[in-house]
Protein chains: 2
Amino acid sequence: MDNEVLRQAPLFSALDDEAATALRGSMSETRLRRGDVLFHEGDAGDRLYIVMDGKIKLGRTSSDGRENLLAILGPGQMFGELSLFDPGPRSATVTAVTDASFASLSHEDLLKWLEGRPQVARGLLAQIAGRLRKANDVNADLVFSDVPGRVAKALLDLADRFGRTADDGVHVHHDLTQEELAQLVGASRETVNKALADFASRGWLRLEPRSVVIMDVDRLRRRAR
Amino acid sequence: MDNEVLRQAPLFSALDDEAATALRGSMSETRLRRGDVLFHEGDAGDRLYIVMDGKIKLGRTSSDGRENLLAILGPGQMFGELSLFDPGPRSATVTAVTDASFASLSHEDLLKWLEGRPQVARGLLAQIAGRLRKANDVNADLVFSDVPGRVAKALLDLADRFGRTADDGVHVHHDLTQEELAQLVGASRETVNKALADFASRGWLRLEPRSVVIMDVDRLRRRAR
DNA sequence: TGGCGCGTGTGACCTGCGCCACTGGATAGG
DNA sequence: CCTATCCAGTGGCGCAGGTCACACGCGCCA
């Protein structure tokens, strides 16, 4: 792992070389293969992770075994921040959606390193605050939007973060099965499939295994709100 | 406002008198009557508020005008913390559910006062982290629970925070109309009414205007999960 | 190379719940 | 005191979406 990769994380993008090197010193690296679980909801643990490569899903399981995804995270994004300030068991299960690697840092080391770097501390808080805002948005969507709307919104979000624009549209290699997509938007696999098929039949997008090509972003965006 | 009232807030309960007095110095007080709005979603503002007395609702309005409540807050609870770390327009509208009074504090004053009081700063972060956890829980409920389940859950939560136990049950003066309760759980007023009526007919609770008496907490709890 | 599992695509139900319509009681304002 | 408004209660209708059932293709391993 070198400083460059670390700087992918918005949080650390502005660090000078000295600071980045110091941080790296106390970080360790982990690798997972698709489907592997990093930790489970309920586990103890106080490490903060930063995705270096690959994608992970953050999910929770209901008492009757059904699953619901809180987020899909990719390179540069972090997770486990909750346990930094609100000690206690992990509130979600983290599973690799593709082969992935992470840098991680103990609560303690992070806080020590953060001392004297109030800018970064601020940034960290802003991230948490942003997450809270986003969680509230998701709530509103669950109440107000129908399933196709939520699917459209999810695709646009994934496109923002993982999409590559080509001349035939925005290629979004989300690496999710439709089942996972369904868990992400809080709907059944079948309904999500039908929504996707409908979008495709309108020419808004093209379906590919574990990915989509969005051909009419505007239409999709209008369907999302 | 005196130091005692301030100490109702868990965040400030452990302050010594000097610290509390210092804090009070930079706080100002506001009063509202039932139905009055403190600020709207989208407004500018960076004050942190603490409810001293009464109850408020934190809500957002969808593009087509429908409303959705994020939380009901009572004495000792605070809001507006988001704008502390994530500057930008207010993300929710705050309305008084009963006559209410608040202490408030500017972003700037708070941060200044917080310097040298890392314990309190930590506590503040823990509150935000807790809110995030809770928001995620609500998401899961919206996905997995039916309306009666969410109503039961909401009642139990309100009971925890505002209930008074008597020998005929737990009296919960929530001060919410059924319409508001419905917005809180993300359902229609009618459906919530029917759920409540059903609970009442089973003898789990008794309905009173803007309040309920829970007579069988256990049953209700079992219905909630 | 044949079978098996996994992801996807699609139709046929069934039902929870949103929306509408109306009633009756309570509260407030002229 | 009468009317207007708000809130609670209840029935009926329609539909979005969950569940079930099944079919197809593709990759993997024995």
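The figures that follow rest on heavy atoms only: side chains count, while hydrogens, waters and symmetry mates do not. Computed from a prediction, not measured in an experiment: that's the story for all the values here.
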Ion pair [X]/[Y], N-O distance below 4.0 Å:
X      : Y      : result
A:R34  : A:D175 : no
A:K194 : A:D198 : no
A:D157 : A:R150 : no
B:R223 : B:D146 : yes

Between atom [atom1] in [X] and atom [atom2] in [N], what is the gap in whole Å?
X      : N      : atom1 : atom2 : answer
B:R34  : C:dT27 : CZ    : P     : 14 Å
A:L181 : C:dG7  : CG    : P     : 14 Å
A:D198 : C:dT10 : CG    : C1'   : 13 Å
B:L207 : D:dC7  : CG    : P     : 16 Å
B:E179 : D:dT5  : CD    : C1'   : 15 Å
A:R223 : D:dA16 : CZ    : C1'   : 11 Å
B:N68  : C:dG18 : CG    : C1'   : 16 Å
B:Q178 : D:dG9  : CD    : P     : 5 Å

Inset, instruction - Indicate yes or no: at least one non-hydrogen side-chain atom of A:L124 is less than 4.5 angstrom from one of A:L110. - result: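 Counting from C-beta outward, A:L124 and A:L110 do come under 4.5 Å.
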Inset, instruction - Counting heavy atoms from C-beta on, name the nucleotide in D:dG18, C:dC17, D:dG17 closest to the side chain of A:P148. - result: D:dG17
Inset, instruction - Answer yes or no: does a side-chain N or O of A:R66 lie under 4.0 Å from OP1 or OP2 of D:dT19? - result: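 Looking at the OP1 and OP2 atoms of D:dT19, one of them is under 4.0 Å from a side-chain N or O of A:R66.
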Inset, instruction - Tell me whether the OP1 or OP2 atom of D:dG9 has a side-chain N or O from B:N193 closer than 4.0 Å. - result: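 For B:N193, the contact criterion (side-chain N or O under 4.0 Å from OP1 or OP2 of D:dG9) is met.
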Inset, instruction - Using heavy atoms to find the nearest nucleotide of DNA chain D for B:A197 and A:E190 separately, return the residue whose nucleotide is more 5′. - result: B:A197
Legend entry - Position toward the 5' end of DNA chain D (nearest nucleotide), B:K194 or B:L176: B:L176
Legend entry - B:S145 vs A:P209, nearer the 5' end of DNA chain C by closest nucleotide: A:P209
Legend entry - Residue mapping more 5' on DNA chain C - nearest nucleotide basis, A:T191 or A:R210: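 Its nucleotide being nearer the 5' end, the pick is A:R210.
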Inset, instruction - Could you tell me whether A:T177 contacts a base, only the sugar-phosphate backbone, or nothing, with contacts defined as non-hydrogen atoms closer than 4.0 Å? - result: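 Sugar-phosphate, backbone atoms only, no base.
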Inset, instruction - Rounding to 10 degrees, work out the angle separating the end axes of the helix from C:dT1-D:dA30 to C:dG30-D:dC1 (five pairs an end). - result: 30°
Inset, instruction - Return yes if the base of D:dG9 and the side-chain atoms of B:R189 contain a donor-acceptor N/O pair under 3.5 Å, otherwise no. - result: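 Checked by distance alone, the answer is yes.
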Inset, instruction - Fit a plane to each ring of B:F102 and B:F79, take the angle between them on a 0 to 90° scale, and name the class: parallel (under 30°), tilted (30 to 60°) or perpendicular (over 60°). - result: perpendicular
Legend entry - Shortest non-hydrogen separation from B:E41 to B:G59 and the atoms involved: OE1-O, 4.4 Å
